[in-house]
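All ligand and atom numbering here is 1-based and tracks the order in the structure.
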Amino acid sequence: MNLILLGPPGAGKGTQAKKIAAEFKLPHISTGDIFREAAGSGSELGVQLQGYMSAGKLVPDELVIKIVKERLLRPDCGNGFLLDGFPRTLIQAKSLDEELAKENRKINKVISLTVDEEEVVKRLSSRRVCLACGFAYNLNSNMPKKPDVCDACGGKVIQRADDNEDTIRKRLKVYQDQTRPLIKYYTDRQVISETDGMKSPGDVFNNISAVLKK
Ligand code: AMP
């Protein structure tokens, strides 16, 4: 099964992707995680990537497409994959379809998570994430038992540099302008299913599971 999780920042894509990947035994490919890891390395490319992310801008298509193309060729993607945060532009979506078609593969399902903009701002400005495993915490509802230490892996829990209100609003604008058109793209291809991302993470996961098991 070749899957895409689509939705604005803060819709819960990362949280759901981890659960889906575990339940359906799919490699979880998050372009945001890949870029944050590269940015953390301090290389020249990493510094450039950090610049785009901190400004709430998209990384250029050419670079993102090259990285995802290489990742999808790895053997663990042979029986399917779960893309989280990619594609984010029509150019990326078309390029992905072309690459998959070369190997007689295609996208089987796109799960579109919907959430209100003000809820996104609220969620992301109070979000804290584990640097090591990416687990997402929330200042208001779910904090690690030991301050700044991940319950799951012991990693350091931090606030992402792009999770401040100014950058969150920029990221939402980028989503509306560049990523939202993908809903029509995948609706036309009859592969999209919409899920209400305002519900609790457990309910959202149950809804997604039901769609994927059909
Ligand atoms: P995320 O963790 O998915 O919110 O992504 C964090 C940041 O990484 C985004 O705000 C972009 O700067 C960059 N990024 C992640 N995925 C993509 C993509 N598919 N295209 C362009 N930029 C991306």
(request) Taking ring pair (Phe, Tyr, Trp, His ring centres under 6.0 Å) as the test, write out the residues that go with Tyr137, two or more places apart. (result) Phe135
(message) I'd like to know if the side chain of Asp61 pairs up with that of Thr89 as donor and acceptor (distance under 3.5 Å, no hydrogens or angles considered).
(response) yes
(message) Filter on ring-ring contact (aromatic ring centres under 6.0 Å, His included), then keep only pairs touching residues 54-113, sequence neighbours left out; what's left?
(response) none
(message) In the structure I gave you, are the side-chain heavy atoms of Tyr186 and Pro87 within less than 4.5 Å of one another anywhere?
(response) yes
(message) Going by salt bridge (charged side-chain N to carboxylate O under 4.0 Å, His left out), name the residues that satisfy it together with Asp116, two or more places apart in sequence or in a different chain.
(response) none
(request) Look at Lys25 together with Asp76 and state whether they make a salt bridge at an N to O cut-off of under 4.0 Å. (result) no
(message) Counting only heavy atoms and a distance below 4.0 Å, can you name the residues contacting ligand 1?
(response) Thr31, Gly32, Phe35, Arg36, Met53, Lys57, Leu58, Val59, Val64, Gly85, Phe86, Arg88, Gln92, Arg160, Arg171
